[in-house]
Structures are given as structure tokens and as C-alpha cells.
2 protein chains.
Amino acid sequence: MEDVARAAGVSRALVSLVMRDSPLVSADRRKRVLEAAAKLGYRPNAMARSLASRKTGIIGVLLNDLHNPFFAEIMDGIEEVAEREGYRLLLSTGGRREEREATALEAMLEFRVDGVIMLSPLLSSAVVRRAAETTPVVVLSRTMRIQDVDTVVTDEAFGAQLAVQHLIGLGHVRIAHIDGGEYPSGPPRRRGYERAMRAAGLKSVVIPGDFSENGGTRAAEEILKMEELPTAVFVANDLAAAGAMARLQEAGLRIPDDMSIVGFDNTSLASLGQISLTSVNQPREEMGELAVRTILERIRGTRTETAHHLTTPTLVVRRSTAHPPVSSGWEEDAAGLA
Amino acid sequence: MEDVARAAGVSRALVSLVMRDSPLVSADRRKRVLEAAAKLGYRPNAMARSLASRKTGIIGVLLNDLHNPFFAEIMDGIEEVAEREGYRLLLSTGGRREEREATALEAMLEFRVDGVIMLSPLLSSAVVRRAAETTPVVVLSRTMRIQDVDTVVTDEAFGAQLAVQHLIGLGHVRIAHIDGGEYPSGPPRRRGYERAMRAAGLKSVVIPGDFSENGGTRAAEEILKMEELPTAVFVANDLAAAGAMARLQEAGLRIPDDMSIVGFDNTSLASLGQISLTSVNQPREEMGELAVRTILERIRGTRTETAHHLTTPTLVVRRSTAHPPVSSGWEEDAAGLA
DNA sequence: CTAATATGTGGGAACGTTCCCACTCGGAAC
DNA sequence: GTTCCGAGTGGGAACGTTCCCACATATTAG
């Protein structure tokens, strides 16, 4: 910068103003500075800038699992707003392991990011609270009621109810649920399922899962061992639903003729032609955008109360659900129920 | 840091040494410093540290498309080695748009990252060359022969040959290719296909595609319009293969009975039960690890010559390929060829 | 023609570290 | 008992910016 100033025959301060394109510089000098900068191949040092200005212009995003398309789609929304608002993103992955997540978070805090967005974090709420003392924090896709920690979540339980009600409406009565274990969205989805079943006077059957394809496959095996097969399965997410579906088909069941399946998240996986999975949609891009806006309010100090945003899921019907098989003998009763 | 030093009754320099766990500090003082730091909630400022030490301990990773599981799997390898070697990752996405990629790259350079790994970048080689003048650069999954730009690529053409030879071995003669357009891996895969076809004395038929699911679907429509259908299709990547497969099945073709399909990348998509796609495997995790090691050699100055690593693809056979239908009347000729 | 007001411009002190060098101090060697 | 040594410690100058304030210059009003 020193060199650029000298080459352009101005002071350091002026170069600084030009680099941040401040409007208080005359067109003439601005041009001279830019030319000198280009000639010398000068590139501002973001570290020094952040140090001096005490802000980084960076929002940290704690990503859990790069393999789950759900997160990629939320990122689309995050990126768009961040770019528009002139913020950079520092992504980091937790790889579904709490300890690694903590390390990644710590690194972001050492970088003095202006805010942190956590996607479905595994972190204990104590750790999150402590982070929030230092910098604004927004948690996405996990309910969390901590002072000064804003959240953006979908009404997971309601989504589960939509799924169950859709199946009931088709005439299903024996509806099983492959759950997501204790990962953040697991319990609320399970509760939504149980509540909807109870409301319809039906019996809940929960098979443990873990949001992974393999988990879905294993759970499907459990189902195949049941002495009376369900006619429909509501699975905690699309990935597990795909796994379960594959296993059930392999066992000779036709989907949806012999068994209906509903997933959750409506990821790109669900819309694949070969899978064509009925699924509960979350407005992912919108959620990502909302998260950035929420954190910007904090960063800019526009808001100080804690905010909790709840988005509403919808159901997307595809070819994996249909009426239960006639042979099951339940159709009429079920129709009556719907 | 000042405060911590005062609280522990030592000098700033000593605190600095403790924070970097230098061995030249007595156990007694170290303990005192750590306690003071914990009590005051002190967290070193990574910006200041980088500024003073003139290195960041960060490797920038320019990611193209978060939606493609291929990149997620490479990231697994990158993360593992980076973590083990004590480097942080600064991810950034280009979203398959050259301009955004350039912005993201510029941002990394402003941060003075210690090196940049580019995954299948769209960037012009001039831009890459310029970046390489500032900081070590490794390009992954795109051939590039620039002084001081190291590369890690799979032998794409060989992979394509494996795919074609597998189909020929099964007896196919009319084998079409849905290509990847001008995205980095498109041309080498197309050339590999053409070469293998020529070597077998067969006629190449290339349908344009773009590595996306939709592109695959559109290409499949082109195929359906052909007056003599091919009995096998080699698609430039798994995503497009899935799209094509769905469209062909919708048109009533059975896979693999009526038509065989081979993909490329062997992503998690290919192994999904419903898709079960024969695909060319790239050692993704290994490639990620290799990329980090390669860049570390540069960062540490262990090597100064430009390095080009070539990994060898393999074929993973699944249920999407089989002998051509007997009715095609070509089986015997083809068997003779194989 | 002077004073008051816009506009730009420049210098110096932060920002929170690391790095370099000079120093102290206890113990070993002569 | 002096000298020497090395482990451990402390002070001051970077690192490359931004920010604050004072200043120079040109423009306008009285």
C-alpha cells in the first residue's frame, strides 16, 4: 500500500479510501491510484483490514454434512443473500461429529467472524450459548431456546402430520415410522407422527433409524420381519427413505402398490425419476435467506430481542404413495376415516 | 493478551509462547498463563496472528458445485489430511459460474491463504496462472499445464475406455455417448469414448449433455427420437445418467434388458438401490488427500518442480448393464468382436 | 476582499499478534 | 570465585491496514 501511494504520488490514507471505494475521492486521483495498484499488482490484505477495522465482513457457516443435499440447498439461499449484502462466507464442516464441530466453531471465533450460522448442529446448548456471548449466532434446523440465539426452523411436527394425514387420507391404517434417532430433527418428527396417529385413533410403530441410507435399509429389514406388514411407511428423511425403499423392493414389494412410502426434506433425491418419492418439503432456500437476514439484523444492531422463525412445510406428492392394497382388507374402513 | 499477561504476572511475549505451546516455557508459568486465559475468556485473534506471522495456516478450497456428491467425497479426503496436518480450510463456492468463481478466488488471495485447491474450476488458465504467482495452487480434476500449477487428475479418457470396453464385452455394438459439453471433464471423456469405439471398429454417436440431471433427460429424449435405438448408452457422469435412465424407463424401456447404461464418477447416487448404476470409479478420497499433500509440499518448500498426478479409474459393475437384447440381432457379431 | 463552508488530503496512532534481540539467573566447569 | 552457558524471560519493532483529526485548497456568501 505504501508503494502504491508513492507510485501514485498520494498518501496511504488516500489509497485506503480508494480501495474501499469511498465517494470522497476525486475522480482524477482515484484513477491514478487504481492504475498504480494495477501496475504493482497490489491486493489489499484482508487480515490487516479486519484487524484495523475490527470487523471481518465474514459470516461463518457451520455445515454438518456435505453429503446431504438438504444442506447444499440451504446454502444456495445463504450464498445468495450473503453475496448481495456484501458478506463473505467461511464454511466449515463438522462431519456429524460433535468434537469436530466444536473445533471448527472455535476456529471461526478465533477469526472473529461477524456472525455464525449453524446448520442443524450437534453441539451442546452450553457451547452454543458461550459462542453467542462473543458473536451473533443463528441456529438453523434445530430448536433451541437460548437467550440471544436466534433460530430458523421448520415446523417439523406439522410436516410429519402432513405426511401421516396424507397416508390416512389414502386409506392406510397400518403406518410405520422409521425415525431419525436423536439427531436434531429426529424427535420432533417422531412426535408429530405419534400425535397424528393418536389423533386418528391408530397405533404408532416406530423403528429406529439415523437419517442415513444404511439406517433406512436396516430399518426396512426390521419391517420385513414384522408378522403383519404395514401398508405405509413414513421415513424421517429422504435419504433413509431411499435406502428403505430399495430394500423393500428387493424383497419383492412393489412401491406404491404393495407399500407406500413418504420421506422428509424433499431433496433432489426425492425428485429423481427412479425414486419419485412423496416427501415433506421444507422451504430450504428461503430458510437459508432468512438465516442470513436474521444474523445481519444482529450484526447491524437493528434488533436485540431474540428471534425465532418458524417456516411451514408442505407435502409434495409423487409416485411412492397410493391407496393400500385391496388384499389388506382395510380399504373401506380407512376410507371412512379419511 | 495484555490483560492475560498482567493477570498471570508475566510479559506478553510469554503469553504468546504459551498460546502456541512452545516448549521453552516452564510448566509453572504455563499453568499460570493458561489459568489466567481461561478466567478472562481470552481467545487468540487469528487475524492478528496471521498478520504478524505472515502466514495463515489456511488452505482455500474452491468448490464448484455443492450439489454434486462427487465434490463432497473429495472433500472427505481433503479434510482428513488438512486436519491431521494442522491446516484449516476456507471453503468457497463458485456455483458453476466463472465470474463468481473469480470473485471467490480473489477473496481467498486477499486473505493470504497459504495455498488454494481448485476443484474442477471453470476459470480461464490465465486467471489460474496469475493466482499461482501469488500462492501455491493445485488444480483437481482438470488437466492444466501451467508452470507452477500442480494437478491431480484421473485418467478420464482411460475411464471412458473402460466403460466402452465393458459394453463391447457384453456384446453391444450400437453404443451412444451423452457427453458433458465443455465443462472440464467433458472433452477427455468424450475423446476416450471415441477412441475406444474407433479401436473396436464401431461408429460413435455423441449426444450433447452438460453433467446435469436435466441434461441427461433431454439427451434421452434425443435418443428416443433416433430411428435405430442404441442398445447401450455411456453417460458422462452419474447425475446425467440417472436423468437419462429415468426418461428412458418412462418411455417403456427396461434397464438393462432393453438398454444398458454406464455412468461416470461412481458417486453415492450410482450405488442407490433404485438406480444401481454401472459406473467408472475415481478414487475420490485419495485424490483429495493427494491434493492436500501436493500443496503442502509447495507451502513447505519441499518441492519446486511442477507436479502432475494421474490417478487410475476402475469400473464398478452394477445392475444397469447386461447383454444387448437378442431381438437386436447383433449379439453374435458383437460377441465375435469381444 | 474577507470570512465561512465545503471538499479533499495527509500524518499518526491504533488493532493484537509474532519476531528478534538483549537480558537475567542458576548451575557447571575450571 | 570467576567465567561461561543455556534455559527462560521481557521489551520494542514490525505486520498492513483503518480511523481520527488536523490541515490545505477551492468555492461561495456577505
Side-chain angles (χ1 to χ4, degrees), chain A residues 1-37 40-58 86 88 106-114 134-135 299, chain B residues 1-37 40-58 86 88 106-114 134-135 299:
Chain A
M1 180 153 138
E2 197 74 56
D3 301 339
V4 175
R6 203 172 315 117
V10 299
S11 74
R12 269 176 15 242
L14 195 59
V15 177
S16 167
L17 289 178
V18 172
M19 291 328 277
R20 285 176 288 160
D21 28 49
S22 146
L24 316 101
V25 181
S26 65
D28 167 46
R29 304 236 172 184
R30 152 166 287 128
K31 185 156 152 276
R32 285 226 314 269
V33 169
L34 288 178
E35 276 167 5
L40 274 71
Y42 166 76
R43 185 154 23 219
N45 183 321
M47 297 280 169
R49 172 177 298 187
S50 307
L51 185 58
S53 65
R54 320 174 56 81
K55 61 186 169 204
T56 53
I58 297 186
R88 294 244 145 82
E106 193 61 26
M108 289 183 174
L109 297 181
E110 287 187 3
F111 265 94
R112 304 294 191 265
V113 292
D114 292 346
T134 312
T135 190
I299 293 175
Chain B
M1 181 155 137
E2 197 75 56
D3 301 339
V4 175
R6 203 172 316 117
V10 299
S11 73
R12 268 177 15 243
L14 194 60
V15 177
S16 167
L17 290 178
V18 172
M19 289 331 273
R20 285 176 287 160
D21 25 53
S22 147
L24 317 100
V25 181
S26 65
D28 167 47
R29 304 236 173 184
R30 152 165 288 129
K31 186 157 153 275
R32 284 227 315 268
V33 169
L34 288 178
E35 276 167 6
L40 273 71
Y42 166 76
R43 188 158 14 223
N45 182 321
M47 297 280 168
R49 172 178 300 188
S50 307
L51 185 58
S53 65
R54 319 175 56 83
K55 60 186 168 204
T56 53
I58 298 188
R88 294 245 144 82
E106 193 60 26
M108 289 182 175
L109 296 181
E110 287 187 3
F111 264 95
R112 304 295 191 264
V113 292
D114 292 346
T134 312
T135 190
I299 293 175

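By convention in this document, chain letters (A, B, ...) are assigned in the order of the sequence lines, proteins followed by strands, and residues within each chain are numbered from 1.
- For B:E106, the side chain to side chain donor-acceptor pair (under 3.5 Å) criterion is met by A:R43, not counting sequence neighbours.
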Protein proximity profile, nucleotides 8-15 of chain C - base contact B, sugar-phosphate-only contact S, no contact -, cut-off 4.0 Å on heavy atoms: SSBBBB-B

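- One atom, CZ of A:R112, and another, P of D:dT18, lie 19 Å apart when rounded to the nearest Å.
- Summarising the geometry, the separation between CE on B:M19 and C1' on C:dT17 is reported as 12 Å, rounded to the nearest angstrom.
- Rounded to a whole Å, the CG atom of A:L40 is 15 Å from the C1' atom of D:dG16.
- Take A:A107 and apply the side-chain contact (heavy atoms from CB on, under 4.5 Å) test, not counting sequence neighbours, and it matches B:R88.
- Distance alone, capped at 3.5 Å, is enough to place a donor-acceptor pair between the B:R32 side chain and the B:A8 backbone.
- Per the geometry, CE belonging to B:M47 stands 15 Å off P belonging to C:dT18, to the nearest Å.
- Considering only residues two or more places apart in sequence or on other chains, A:T56 meets the side chain to side chain donor-acceptor pair (under 3.5 Å) condition with A:D114.
- B:E110 has its CD atom 10 Å from the P atom of D:dT17, to the nearest Å.
- A:R112 is not listed as a side-chain neighbour of A:S50, based on a closest heavy-atom distance of 4.5 Å or more.
- Over its length, the helix from C:dC1-D:dG30 to C:dC30-D:dG1 turns its helix axis by 40°, as judged from the five terminal pairs at each end, rounded to 10°.
- With hydrogens and angles ignored, the 3.5 Å screen pairs no side-chain donor or acceptor of B:T135 with any backbone N or O of B:L109.
- Between A:F111 and B:R49, every side-chain heavy-atom pair lies at or beyond the 4.5 Å cut-off.
- For residues 6-25 of chain A, the set of pairs meeting the salt bridge (Lys or Arg N to Asp or Glu O under 4.0 Å) definition, not counting sequence neighbours, comprises A:D3-A:R6.
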